[in-house]
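Written below as structure tokens is the structure these notes are about.
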Amino acid sequence: MSLLHVVGFGLKVGHLLLVLCCWVVSVVYLNWFLSSGIIMDTKMGGGGGGGSKMWHKKWWEKISGQGCKIHQQYYQYIGSKKVKRALWRKLLLTWVVGWFIVSLRIFCYMSSQGTEKRKETLASMCDERARMLQDQFNVSMNHIQAMSILISTFHHAKSPSAIDQKTFAKYTERTAFERPLTSGVAYAVRVLHSEREQFEKQQGWTIKRMDTLEQNPVHKDDYAPEALEPSPVQEEYAPVIFAQDTIAHVISVNVLSGKEDRENVLRARESGKGVLTAPFRLLKTNRLGVILTFAVYKRDLPSNTTPNERIQATDGFKQKPPWPWVAITTSIGILVIALLVGYIFHATVNRIAKVEDDYREMMELKKRAEAADVAKSQFLATVSHEIRTPMNGVLGMLHMLMDTDLDVTQQEYVRTAQESGKALVSLINEVLDQAKIEFGKLELEAVLFDIRAILDDVLSLFSEKSQGKRVELAVYVSDHVPELLIGDPGRFRQIITNLMGNSIKFTDKGHIFVTIHLVEEVVRSIEVDKESNSENTLSGSPVADSRRSWEGFKAFSQEGPLGSFSSPSNDHVNLIVSVEDTGEGIPLESQPLIFTPFMQVGSSISRKHGGTGIGLSISKCLVGLMNGEIGFVSIPKIGSTFTFTAVFTNGHRSSSECKIQQINNQPQSASSEFEGMTALIIDPRSVRAEVSGYHIQRLGIHVEMVSDLKQGLSTISNGNVVVNMVLIEQEVWDRDLGLSSHFVNNTRRIDHGVPPKLFILVNSSSSFKASVNLGVHNPTVITKPLRASMLAASLQRAMGVQNKGAPHRELQSLSLRHLLRGRKILIVDDNGVNRAVAAGALKKYGADVVCVSSGKDAISSLKPPHQFDACFMDIQMPEMDGFEATKRIREMEDSVNREVSMDDFENITNWHVPILAMTADVIQATHEECLRCGMDGYVSKPFEAEQLYREVSRFFQSS
């Protein structure tokens, strides 16, 4: 008996059962994935992908539409109502949780769709695989049957056999493709027990048993055919004699010794058909296999492997479900978008809440700032009034004291007290100006003024100090500068005073020189004179180059306003003012901070010279308000030069204010007395000679200049020019007293006309006494600084010229007396000293004065009909201030004017008494409030004749 034994169908035929098992397992996996929240991929082919995309698109459009509606409703809600933060937190949490649940629902839906699709695909693949396996099985069976016939013909039918192991192995290897389901083919021959010994000798090996290996399997690495036990004694044996190389290890193994193989062989032998055995472990490989089947594992399995683990390890058809990336990305994307929308809403609400909080905080701060600003303004007004009110009494009483009979010593004491009081008032004004600058309350006036007269006043202020230090002080204004300008003369005077005050303070020798030119004039002079001579100065001392002080000024750049001055129709006047000194200079380390408020150059200098350190910062602010710029150059031990520009308007003679200005213009009355005269100036320094000539020319005198006495004598002797006066600089006079005496003697012997009058220009009258004691003829001494009024008075006395006009003070006094004589004026002030000062000032000019101490008394006194021509009313008074009193007086006058006819009050058609505010407050807001409540003017304390005349002349006509 022979048997063809085919091994290896476990790998392929077992696919069908294994695939069905895998399908069941995959359903379990999918259900587990579903319960775990893993998103499954629904794209299982072309048709499925298209449907999924369409569903995604419609679903996403629906979600987007709902999101837009929610977004719009949200903005409408938060735009109209205030969302509380606690409610918003709950809303935001609800939003996040809700969208998380929505994303899970979307994932579940998409996963279920993918699972159903995958089930259908898997079933189709299983059916197709089963059909393919059936076809392969049929092909393999046919080929095995053919091999049985081949062995029967060439092995059993021939003697000797035509087939050996080598031939069988080679044949089966080449024809393996015809057995797609087999992994190996072996041929076992039947051997009876009686034939065993002979068979073993013929084959050269012993028949081995299989059942011991089935019970105690060994690893394939430990398998050795020689170590197998011989087959036990039995009736018949079925040892393998031929085998394919893949299963050559089964040669000599008795297949009847195995339980499964024995039953299978017996059934095959009885039926003559191929039979499949139950699974059993194959020799050497220890793999589960059957006849005609063979199970292939992807790893070695231990003996205690469970069936489920064995199914997982089977190398059959088993496909893990792919990750559902579309579902995952879609649900996560929706969740991310929902979180982003929630974050945007959250950020928007927080931003709106922050803006609302910031707005409320800003409004609160604004209210506080406004309240603080009002409080500061009131504080300034109160401080100004409370400080200036007693100062008004002090200065007023001192002024009245000066009008009494005092000896020289008493007058000196009174003047000293007046100067100290004015210095204190100036200091108070500086502090108040700095406060007004910080509050933005500083404003400029626009009135007509004479800039040359202002400089004369400033020179008068510092003349005594400069003479005491023997420092030459001079001012020069270019002829191109208009005589009258429109601007704020008080603030311009303040700038000049601050700069000159600093120069006087820090200069002990040399000079202080103030110059005023047009910007256009300076630019042209720079273009002509590229080099500066530091020794060609007023006193001959070196100075800092003034051109460096205006470097970077816009007025000198291409973009500056220079082009506007070339047009003759332009009324703007751009001035450049320089204050040059030969003082100590500013240390280099202090120069960057020179315009900082309350900044002093050094503590030692502050102790030596004093001061508050705010003059320059105020000056810089005032220059800025005048549309100008300020700069400086300073060299230690050499001196400093401060330069600033300012824009004014050209004042015309046709202005109505020009007549008022004529009273203050002192040279006007004296200039006509010197018309046609010629003056000769002898001075070796051209700059100083030009300054002297400038002041003399203002009096209408023609000027000739020479550098020494010899040239002067030659000019006088030649007769070409009739010289009426000779002004000699003290430096020339003291250089050679003999030559000076010779000059005087020769001028007296001139044949043609009257000898000229001689004048000596000195910085201090005490410095000229030594030269007078030398026996030289005594000329008239004129002490610098030169001013038009002082120079005119000196020339008039020496020349014997009578001034046809009254002096300034007398003219002003006469004008005020002319206006106020017989006028009945009411003075309202709660301070008795101030009432006495104001009454004394007005009575001085002939006014009939009545005083009351409160606003209520003022209302009673000014109730129509009354005989008062004007009222001077204090602003800050107890019970009722001047503002409230003025309002009630105006209401009372309006009521009377509407109800009473003109016959009732002696043909007075309109009751309106002029009310002038009389206060020590200098705040601009106070002035504006005066005008709003119905006052007609503003007079600051203490009274000054010029201001008093300017105010009362607006209401009273001279008779």
Side-chain angles (χ1 to χ4, degrees), residues 385 388-405 809-810 812-883 885-886 888-890 892-893 906 908 911-921 930 934-959:
H385 182 272
R388 291 173 64 92
T389 295
M391 286 305 304
N392 169 56
V394 172
L395 295 177
M397 287 299 179
L398 290 174
H399 186 72
M400 295 173 63
L401 184 61
M402 285 293 292
D403 293 334
T404 62
D405 294 332
R809 292 185 179 274
E810 296 180 4
Q812 189 178 72
S813 178
L814 291 174
S815 299
L816 280 173
R817 192 179 299 276
H818 199 57
L819 290 174
L820 295 177
R821 183 186 302 119
R823 304 288 185 179
K824 189 172 183 180
I825 298 177
L826 177 66
I827 294 179
V828 184
D829 199 320
D830 62 309
N831 188 287
V833 176
N834 289 337
R835 289 198 302 271
V837 172
L842 294 175
K843 289 178 180 179
K844 176 181 176 181
Y845 301 112
D848 184 9
V849 178
V850 176
C851 298
V852 295
S853 59
S854 66
K856 293 181 179 180
D857 294 338
I859 295 174
S860 301
S861 301
L862 295 178
K863 181 178 182 180
H866 60 78
Q867 303 298 323
F868 291 101
D869 297 296
C871 173
F872 286 80
M873 183 174 296
D874 187 26
I875 291 179
Q876 295 185 358
M877 294 182 294
E879 296 185 9
M880 181 182 296
D881 60 18
F883 297 140
T886 301
R888 295 192 182 184
I889 292 172
R890 295 308 182 204
M892 184 173 55
E893 291 176 343
E906 299 178 355
I908 298 178
W911 284 95
H912 183 90
V913 59
I915 300 178
L916 301 178
M918 183 179 60
T919 180
D921 187 1
C930 292
M935 293 183 175
D936 300 284
Y938 185 95
V939 178
S940 63
K941 300 177 182 179
F943 286 160
E944 293 182 0
E946 295 180 10
Q947 184 185 26
L948 186 61
Y949 178 85
R950 185 167 60 249
E951 293 297 331
V952 300
S953 62
R954 295 165 50 200
F955 310 106
F956 301 151
Q957 300 294 328
S958 60
S959 57

Q: Begin from the C-alpha positions of I827 and M918 and carry the test side chain to side chain contact (heavy atoms under 4.5 Å, CB included) through to its verdict.
A: CA-CA 9 Å; I827 294 179; M918 183 179 60; 3.9 Å; yes
Q: Run the numbers on L826 and H866 for side chain to side chain contact (heavy atoms under 4.5 Å, CB included), then give the verdict.
A: CA-CA 11 Å; L826 177 66; H866 60 78; over 6 Å; no
**Q.** Derivation and outcome, side chain to side chain contact (heavy atoms under 4.5 Å, CB included), residues K824 and D869
**A.** CA-CA 5 Å; K824 189 172 183 180; D869 297 296; 4.0 Å; yes
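Residues H399 and V837 have side chains not in contact (no heavy-atom distance under 4.5 Å, counting atoms from C-beta outward). Side-chain contact between L862 and E893 is absent, with no heavy-atom pair separated by less than 4.5 Å. Between Q867 and D848, every side-chain heavy-atom pair lies at or beyond the 4.5 Å cut-off. Side-chain atoms of M880 and S854, non-hydrogen and from C-beta on, never get closer than 4.5 Å to each other. The shortest side-chain heavy-atom distance between D936 and H912 falls under the 4.5 Å cut-off.
Minimum interatomic distance between R835 and S853 (heavy atoms only, all atoms of both residues): NH1-CB, 3.4 Å. G882 and M935 make their closest contact through O-CE, 3.5 Å (heavy atoms, listed as atom of the first residue, atom of the second, distance). Here the closest heavy-atom approach between residue L820 and residue L842 is recorded as CD1-CD2, 4.2 Å. When all heavy atoms of V828 and G855 are compared, the closest pair comes out as CG1-N, 4.4 Å. Scanning all heavy atoms of the two residues, the minimum distance from N834 to G393 falls at OD1-N, 3.8 Å. Closest heavy-atom contact between I915 and R890: CG1-NH2, 3.5 Å.
T404 places no side-chain N or O within 3.5 Å of a backbone atom of M400 that could act as its donor or acceptor partner.
Here the straight-line distance linking atom CE of M877 with atom CZ of F883 works out to 10.0 Å at 0.5 Å rounding. Residue I875 holds its CD1 atom at 11.0 Å from CG of D829, rounded to the nearest 0.5 Å.
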